[in-house]
Protein chains: 2
Amino acid sequence: MDAYTYIKKRILHGEFPPKMRLTEEYLAKQLQISRTPIREALKQLETEGLMFPMKRGVRVRHYTKEDIRQIYDVRTLLEGYAASQAALYRTRENLAEMKEANDRYEQTINHYFQTGETTVESILELNQTFHKSIVKASKNQHIMDLISKTVVLPLIFRSFYWFNEEQMRDSHEAHHTILHAIEVQDIERARAAMHEHIYHGRDQVLPHIETIAEDYSIPHQHPSK
Amino acid sequence: MDAYTYIKKRILHGEFPPKMRLTEEYLAKQLQISRTPIREALKQLETEGLMFPMKRGVRVRHYTKEDIRQIYDVRTLLEGYAASQAALYRTRENLAEMKEANDRYEQTINHYFQTGETTVESILELNQTFHKSIVKASKNQHIMDLISKTVVLPLIFRSFYWFNEEQMRDSHEAHHTILHAIEVQDIERARAAMHEHIYHGRDQVLPHIETIAEDYSIPHQHPSK
DNA sequence: TTGTCCTAGTTTGTATACAATAGATAATTG
DNA sequence: CAATTATCTATTGTATACAAACTAGGACAA
């Protein structure tokens, strides 16, 4: 696994929490490589907005409640548009892909509630795959790129608050509505359904942000040298 | 001037044209520094989408007609939304800033047509400043970031086709309509006017893309070692 | 002539060394 | 005791060296 993937994964999984300072030497030791490729990875993550630079070095970026609110506004705009375009341009292949992604998502959720197996991360990943399949159907590569860069950020927070059965049923219903609108090419309904779905997600995340921010308010040190 | 700013400027001014390969040693010699900071800059530009990576090294990214079309769709969506939010949230200070930016833009244009002085680049820059002042009034930092990353790309092409008096009058009128809608807080009108303005711009750029692409179809070599 | 293989030369990717300085700790003073 | 300043250590930023591998060019064969 290259340095970029490694660091990003650990950030999204919360092992490198917001505000934590990441030193190059520490990461280099972890990965058994020199500082040079580490710097490359950090620069990329910084450009993507996952790290923020200090006078010297970088820290994992943290987000205020207002940040999350703004990001969700952007995401709603982009994904809502993508859904409307998907309703316009979707092919039979797109529909099949969307349905398959959604099926796998629901299967895993059922499996989770029945047995308690499977990780939260894997469910979030499958949810993302479903959303991506819709964006893909919009036939706009540039909006795809933008969304996949914008969407990762709130992921940091999701794993903290998630998962009760009620929320699961909601998302089940919402996905179904969106899929149907895209299938029958109801452009405005596709956009509206996606809007509602994402804003609903936002309203579940937002109340928890303060708490999370508190947990990590003290700049973290490196785990055991 | 740091490496990032230097390279980016030369790309946007067309001195490093699309598809041109940039070698690290060449840039290092130009700037009289070592390859290390050059690599940083190239990595950042690659992440931002201005360069595309090969198996080894990078080239200046080129855009097809379809790319430009998609980018304009995204830009219209983002700036249209920003205009509508600006209509909602603009303060008196925002209005003043927007008007001043537009005044300076128009003054420079008049000066250009009367005397032929001032560069095309400076006019484009002032136009961008005007657009930025609107996005700023939307009070969404994340949409600002996204737009400033998305908008630069088509700039590469603008300087090629621009400038006759008719297009100038159009933009004069469009700016005025947008400003007015934001001032009287007509949200939908602000969005619609911005949409129209940007799509109009797109329709003037698009027909010229093929020609430009042709000019640079042959991978360029470095200017004199 | 066209296609393929091989070779030579560039250019990148990674490691490492060294100097500059930011940030932490201790000391000092109001 | 708090707050400011000074010192010192840790970490970064830059340069440089070396090995790996891609690109381009030419030779050779079909």
Side-chain angles (χ1 to χ4, degrees), chain A residues 1-11 15-62 213 215-225, chain B residues 1-11 15-62 216-225:
Chain A
M1 181 161 45
D2 64 302
Y4 170 79
T5 313
Y6 171 80
I7 300 169
K8 185 169 177 176
K9 199 171 265 175
R10 301 205 67 175
I11 291 175
E15 293 150 16
F16 293 158
K19 294 192 184 175
M20 179 179 180
R21 182 176 186 180
L22 293 180
T23 63
E24 298 173 2
E25 219 168 324
Y26 167 73
L27 294 167
K29 243 172 203 164
Q30 290 282 316
L31 288 159
Q32 302 277 36
I33 54 176
S34 82
R35 279 174 50 216
T36 313
I38 300 286
R39 303 195 98 242
E40 299 254 302
L42 289 178
K43 190 78 192 173
Q44 189 174 344
L45 289 164
E46 185 192 321
T47 308
E48 289 178 352
L50 259 77
M51 315 285 298
F52 71 95
M54 304 178 298
K55 288 190 188 174
R56 210 92 194 262
V58 292
R59 286 174 186 269
V60 177
R61 181 155 176 191
H62 70 281
D215 287 353
Y216 295 118
S217 59
I218 303 138
H220 283 242
Q221 299 305 316
H222 289 144
S224 70
K225 276 220 164 161
Chain B
M1 184 161 43
D2 64 301
Y4 171 79
T5 313
Y6 172 80
I7 300 168
K8 184 167 177 178
K9 198 170 265 175
R10 300 204 69 172
I11 291 175
E15 293 151 17
F16 293 157
K19 293 190 184 176
M20 178 178 180
R21 181 177 187 180
L22 293 180
T23 62
E24 298 172 2
E25 220 170 322
Y26 167 73
L27 294 167
K29 244 174 202 164
Q30 290 281 317
L31 287 159
Q32 303 277 37
I33 54 177
S34 84
R35 278 174 50 217
T36 312
I38 300 286
R39 302 194 99 243
E40 299 254 301
L42 288 178
K43 190 78 191 175
Q44 188 175 345
L45 289 163
E46 185 192 321
T47 308
E48 289 178 352
L50 259 77
M51 316 285 296
F52 70 96
M54 304 179 299
K55 286 188 190 174
R56 211 92 195 261
V58 293
R59 285 175 186 270
V60 177
R61 181 152 176 195
H62 70 280
Y216 295 117
S217 58
I218 303 138
H220 283 239
Q221 298 304 316
H222 290 145
S224 68
K225 274 222 169 162

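By convention in this document, chain letters (A, B, ...) are assigned in the order of the sequence lines, proteins followed by strands, and residues within each chain are numbered from 1. This one's a predicted model, so the numbers in the text were calculated from it and none came from an experiment.
In this structure, CG of B:L31 is placed 15 Å from C1' of D:dA15, rounded to the nearest angstrom. Separating the CE atom of B:M20 from the P atom of C:dT11 is a distance of 12 Å, rounded to the nearest angstrom. Computed from coordinates, the A:E40 CD to D:dG13 C1' distance equals 14 Å when rounded to whole Å. Rounded to a whole Å, the CD1 atom of B:I38 is 18 Å from the P atom of C:dT14. Following rounding to the nearest Å, B:R39 (CZ) and C:dT12 (P) show an atom-to-atom distance of 8 Å. Between B:L22 atom CG and C:dT11 atom P there is a gap of 12 Å when expressed in whole angstrom units.
In this structure the side chain of A:I11 reaches within 4.5 angstrom of the side chain of A:M51, judged on heavy atoms.
Counting all heavy atoms, side chain and backbone alike, B:A3 lies closest to B:P37 at CB-O, 4.2 Å. Nearest heavy atom pair, residue A:I7 against residue A:A41, reads CD1-CB, 4.1 Å. Residues A:M54 and A:R21 share a closest heavy-atom pair of CE-NE, 3.6 Å.
Enclosure of atom CD in A:E46 by more than 12 non-hydrogen atoms of other residues, nucleotides or ligands within 6.0 angstrom is indicated.
The main-chain N or O of B:K19 is found under 3.5 Å from a side-chain atom of B:R59 such that the two form a donor-acceptor pair.
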Where protein sits on nucleotides 16-23 of chain C, one letter per nucleotide: B base, S sugar-phosphate only, - none, heavy atoms under 4.0 Å: BB--BBSS
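Within the structure, ring-ring contact (aromatic ring centres under 6.0 Å, His included) contacts touching residues 27-52 of chain A (residues at least two apart or in different chains) are A:F52-A:H62.
No option in B:R39, B:K43, B:E40 other than B:E40 meets the side-chain contact (heavy atoms from CB on, under 4.5 Å) test with A:R39.
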Listing time: all N or O pairs from protein to nucleotides 6-9 of chain D that are below 3.5 Å?
none

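Here A:E24 lies in heavy-atom contact (under 4.0 Å) with sugar-phosphate atoms only.
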